[in-house]
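Each remark here refers to the structure printed beneath this line.
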Amino acid sequence: MSTTNPAIIETRELVRDFKKLRAVDRMTFTIEAGEAVGYIGANGAGKSTTIKMLTGILKPTSGLVRTCGLDPMSRRIEVARRVGVVFGQRSQLWWDLPLRDSFEILAAIHRLQPERATARTAALVEQLEMGPQLGTPVRSLSLGQRMRAEIAAALLHSPELLVLDEPTIGLDVLSKQRLREFLVAERRERGTTLLLTTHDMGDIERLCDRVLVVDRGRLAFDGTLTGLAGTVGARRLLVLDLAVPTPALVDVPGTQLVDSESDGLRQRLAFDAETTTAAAVLAHVSGRAEVRDLTIEEPDIEDVVRRLYAASGRA
Amino acid sequence: MTPFWILTRAGFRRHSTYRLALLAGMTTNSVFGVIRALLLLAALASAGSDIGGYDAPTAVAFVWWGQALLGTVNLWGFQEVKDRVRTGDIAIDFLRPVNPQLAYLAGDLGRAGINLVGRGAPAILLGGLLFDMAWPPGAASWVSGAVSVVLAVVVAFSGNFTVNLLAFWLVEIRGIYLMWMITGGLLCGLYLPVPWFPNWLRTIAEWSPFPSMLQIPIDILAGRVVGAEIIATMATQVFWATALLVLGQVVLRAGRRRLEVQGG
């Protein structure tokens with residue numbers, strides 16, 4: 001492992017118990033400054049619990065955790081100044097005040113110089129296209145608008161580390177896209193370290209160069225997304241609606257038939273993006289039957305995680 | 001601007017968005033003010049003399065300052081912190097580089113401010129118009145009365161905040177909360193002046209923080225407490241404000257170590 005960058009997050013043998021349940025089990029990993037890390041796992045695998053320990057909200061049962069080199073429990077305020085956090089399901093904005101006020105209050109709380117606060121707010125508002133909403137009370141914002149505002153709020157003090165817990169949950173495709181583009185640009189410009197939990201594979205693909213998979217509180221995988229896909233063979237799914245009943249497409253090169261419905265009017269083929277392409281599969285099928293419609297399903301995180309759990313014999 | 005001041009302003013603004021609630025509060029306070037003032041005046045008339053040092057104008061002042069400060073001093077408490085502990089939103093408060101107790105205190109002072117302007121001032125003006133009321137006897141009483149109101153807000157806030165924090169340990173704090181409200185409502189001197197209490201109850205009240213939330217500022221504003229006595233009564237308020245703030249801080253620290261935010 002390279003040691004060129006200082007560690008911004010370090011855990012060693014980190015454990016957290018809730019009564020009889022062990023939510024996080026001897027977790028050990030390091031994240032260097034500037035990395036973008038996706039933290040994934042099934043519901044209840046221990047993702048949020050880890051994040052809460054990293055940010056000083058939750059006291060570990062045992063083990064070590066350092067954020068920006070500090071113990072987040074005893075040095076909460078210093079850590080809060082250097083970290084920005086968004087919990088997708090909780091708001092850090094002032095519900096009944098215009099959005100503008102939330103930015104003003106947060107700037108004051110973080111003791112930003114007035115000029116710096118104004119410039120930073122203006123830049124974030126422009127990049128996240130929130131100008132028209134500044135005068136709107138937060139409670140009246142749409143989910144997409146609110147999520148952009150939450151991210152701006154978390155970035156207002158230019159933190160070294162940005163932690164996003166399910167930032168795209170419930171967002172439509174366009175809102176997700178805009179949010180991801182913004183995060184890519186923000187990281188390119190400032191080198192902010194990113195730690196992200198998500199159920200959306202698209203978030204990981206677009207934003208992260210490293211993936212940590214957690215299973216029942218334990219680290220089950222630590223590596224690149226390509227490495228993860230290689231380990232579990234994350235496959236895309238081509239759903240074909242055919243014009244006439246067609247015999248099962250069992251021998252299309254590079255694919256595997258998942259199922260066939262209504263006498264073969266709808267068939268699902270799984271394929272590995274490394275060995276063939278959607279276009280090649282489509283061309284092959286078109287030679288045998290008329291294709292009326294098609295959709296492609298991307299591998300979802302649950303699926304990848306399930307396969308990983310299965311591969312490691314713990315499903 | 002300092003974080004404390006801007007949070008106070010935010011509290012003021014938050015609560016000023018609910019204008020209808022302010023208007024409703026003012027109306028209720030005024031109607032009850034009229035009824036209570038008439039009742040007390042009738043009691044004084046039937047007694048034929050002062051009761052416990054209150055003549056008619058001071059009794060009227062007692063009623064109307066009480067009604068005016070009812071919304072300003074948070075006698076009925078608040079549920080926000082308890083709800084945030086229960087839902088886990090308290091986590092958001094711990095992610096900010098400020099002390100949550102002071103942040104909530106700032107917000108509560110802002111809330112008190114808008115209630116004083118929007119509910120308290122109209123009520124006291126109405127009381128002064130409708131009844132023969134004792135006004136503060138001089139500039140010293142106005143100024144120390146104002147400071148005493150701020151201290152009352154702080155004492156009530158710190159007590160309420162600490163009660164809210166019990167949610168870290170208990171699933172349901174409604175029962176404790178109700179007890180706090182009933183005891184507080186009685187002992188703070190809202191229904192009857194503390195000097196009218198039977199001796200045993202007055203002793204209990206005087207050893208509790210509750211008179212610091214209402215009786216003391218009313219005594220100063222009604223001119224019952226003057227001169228050097230003002231300093232002594234306000235010292236009691238300062239004592240309780242400090243004690244309850246420190247207690248809240250200790251409980252908050254303990255609660256943070258116990259916090260179990262689950263899900264999301």
### Message
For B:Trp5, is the CH2 atom crowded, meaning more than 12 foreign heavy atoms sit under 6.0 Å from it?
### Response
no
### Task
Please report the shortest heavy-atom distance between B:Asn99 and A:Arg76, naming the atom on each side.
CA-NH2, 4.2 Å
### Task
Kindly give the heavy-atom pair with the smallest separation between B:Thr87 and A:Arg90, and that separation in Å.
O-NH1, 2.8 Å
### Task
Below 4.5 Å from any heavy atom of chain B, which atoms of A:Glu166 appear? Answer side chain, backbone, both or neither.
neither
### Whether over 12 other heavy atoms sit under 6.0 Å from B:Phe32 CZ
no
### Query
How long is the gap from OG1 on A:Thr55 to CZ on B:Phe94, to the nearest 0.5 Å?
11.5 Å
### Task
Measure distances from B:Arg258 to the heavy atoms of chain A and classify the residue's part below 4.5 Å as side chain, backbone, both or neither.
neither
### Task
With side chain to side chain contact (heavy atoms under 4.5 Å, CB included) as the test, would you mind laying out the steps for A:Asp101 and B:Arg13 before giving the verdict?
CA-CA 10 Å; A:Asp101 290 25; B:Arg13 286 189 182 165; 3.0 Å; yes
### Task
Quick one: pull up CD1 in B:Ile92 and CD in A:Glu150 and give me the separation to the nearest 0.5 Å.
7.0 Å
### Message
If I measure from the heavy atoms of chain A, does B:Leu7 come under 4.5 Å with its side chain, its backbone, both, or neither?
### Response
side chain
### Over 12 non-hydrogen atoms of neighbours within 6.0 angstrom of CZ in A:Arg139
yes
### Exercise: identify the closest heavy-atom pair between B:Leu95 and A:Ala80
O-CB, 3.3 Å
### Message
Show the nearest heavy-atom pair for residues A:Ala108 and B:Ile6, with the distance to one decimal.
### Response
CB-CG2, 3.4 Å
### Task
For chain B, find which of A:Arg16, A:Arg111, A:Met73, A:Glu104 contributes the most heavy-atom pairs closer than 4.5 angstrom.
A:Met73
### Winner by heavy-atom pair count (cut-off under 4.5 Å) against chain B, out of A:Val83, A:Val85, A:Leu97
A:Leu97
### Message
Walk me through whether B:Arg96 and A:His110 qualify under side chain to side chain contact (heavy atoms under 4.5 Å, CB included).
### Response
CA-CA 8 Å; B:Arg96 297 190 170 132; A:His110 282 286; 5.9 Å; no
### Query
Considering only heavy atoms, which portion of A:Ile51 lies under 4.5 Å from any heavy atom of chain B: side chain, backbone, both, or neither?
neither
### Query
So which part of B:Phe4 gets closer than 4.5 Å to some heavy atom of chain A, the side chain, the backbone, both or neither?
neither
## Note on the structure
With chain B, the option among A:Ser91, A:Gly88, A:Pro137, A:Pro72 that has the most non-hydrogen atom pairs under 4.5 Å is A:Ser91
